[in-house]
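First comes the structure, then the notes that go with it.
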Amino acid sequence: MIHLIKLAVGIQDIEHLAARQKERLAHAKARGETGRLCHMTRNVPRRAEEVIAGGSIYWVIKGFIRARQRILAIEQVTDEEARKRCAFVLDHELVPTQIRSMRAFQGWRYFEPAQVPADAPGGIKSPEYAEIPDSMAAELRNLGLL
């Protein structure tokens, strides 16, 4: 099993990502499509079988890994302009993770299981750390102090 990591460009926080995904599902249903949640990209992972064997996509929002979603399937599709695309079929559940800083990159990357942050025990942000800014929380966690 292997995971993917991807920047959520233009997304403000986990709630914003969830709202955008709900909008996309609603638009798809209005067009008569299934209720599958897909993220489209240009390239199909060469290690697709490893990804769908329990892998997730980890979302980087505003410079921090903040959430993950299970990848249920990876399919090659054709868009409205007859271009081949890759569809990551995602679980509807967004799972908050411990916040970790991540530099910007283009596209998606493989993310080894040993590198992934743990799921957040208290949801989006544990109540005892709610007052700590995200950048400080990430730095404290990287230092082993959180």
Side-chain angles (χ1 to χ4, degrees), residues 1-45 47-48 50-113 115-142 146:
M1 170 185 55
I2 193 159
H3 305 283
L4 300 178
I5 187 165
K6 175 91 173 84
L7 298 180
V9 178
I11 300 296
Q12 302 302 311
D13 52 33
I14 295 173
E15 293 84 3
H16 186 211
L17 178 59
R20 289 281 298 272
Q21 289 182 348
K22 284 180 185 176
E23 285 175 19
R24 288 185 179 162
L25 281 171
H27 285 103
K29 286 181 182 179
R31 291 189 306 264
E33 297 173 8
T34 64
R36 295 183 335 154
L37 179 60
C38 294
H39 177 75
M40 305 301 274
T41 184
R42 280 189 289 191
N43 299 313
V44 177
R47 299 172 68 182
E50 291 177 76
V51 174
I52 60 173
S56 293
I57 188 165
Y58 282 78
W59 293 107
V60 178
I61 302 170
K62 296 280 188 182
F64 299 95
I65 301 170
R66 295 178 185 262
R68 69 174 179 85
Q69 281 178 293
R70 287 239 11 249
I71 299 174
L72 305 175
I74 297 175
E75 301 172 354
Q76 193 165 14
V77 297
T78 304
D79 68 10
E80 308 83 38
E81 298 171 6
R83 294 180 297 201
K84 290 185 179 180
R85 296 285 186 221
C86 174
F88 297 141
V89 182
L90 305 175
D91 188 341
H92 290 223
E93 181 184 12
L94 269 167
V95 179
T97 63
Q98 292 181 348
I99 296 172
R100 183 187 303 165
S101 62
M102 176 62 69
R103 290 189 317 211
F105 57 90
Q106 290 189 344
W108 52 263
R109 300 282 185 265
Y110 291 112
F111 204 32
E112 296 292 337
Q115 298 174 310
V116 302
D119 293 348
I124 293 172
K125 197 183 239 189
S126 299
E128 64 267 27
Y129 305 122
E131 299 299 318
I132 300 174
D134 291 342
S135 58
M136 183 184 293
E139 188 166 336
L140 290 171
R141 188 165 289 106
N142 289 340
L146 263 187

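What's counted below: heavy atoms across the whole structure, side chains too, no hydrogens, waters or symmetry copies. Not measured: the values here are computed from a predicted model.
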So do the side chains of [X] and [Y] get within less than 4.5 Å of each other, counting heavy atoms only?
X: V95; Y: R70; result: no
X: C86; Y: V77; result: no
X: I52; Y: L72; result: no
X: T41; Y: F88; result: yes

Can you name the closest pair of heavy atoms from [X] and [Y] and give their distance?
X: P117; Y: Q98; result: CB-O, 3.6 Å
X: H16; Y: I11; result: ND1-CA, 3.4 Å
X: R66; Y: I61; result: NE-O, 2.9 Å
X: L4; Y: I71; result: CD1-CD1, 3.8 Å

Would you give me the side-chain donor-acceptor pairs under 3.5 Å for residues 105-113, sequence neighbours excluded?
| residue | atom | partner | partner atom | Å |
| --- | --- | --- | --- | --- |
| R109 | NH1 | Q106 | O | 2.8 |
| R109 | NH2 | Q106 | O | 3.4 |
| Y110 | OH | R46 | N | 3.0 |
| Y110 | OH | R47 | N | 3.0 |

Checklist entry - Take atom CZ in R42; do more than 12 heavy atoms of anything else shown fall under 6.0 Å from it? => result no

Next on the checklist: Do the side chains of K62 and D13 get close enough for a salt bridge, i.e. N-O under 4.0 angstrom?
Outcome noted: no

Next on the checklist: Between E80 and R85, does any NZ, NE, NH1 or NH2 come within less than 4.0 Å of an OD or OE carboxylate oxygen?
Outcome noted: no

Item to check | Of all pairs that satisfy side chain to side chain donor-acceptor pair (under 3.5 Å), the ones with a partner from residues 17-27, not counting sequence neighbours | outcome: Q21-Q69

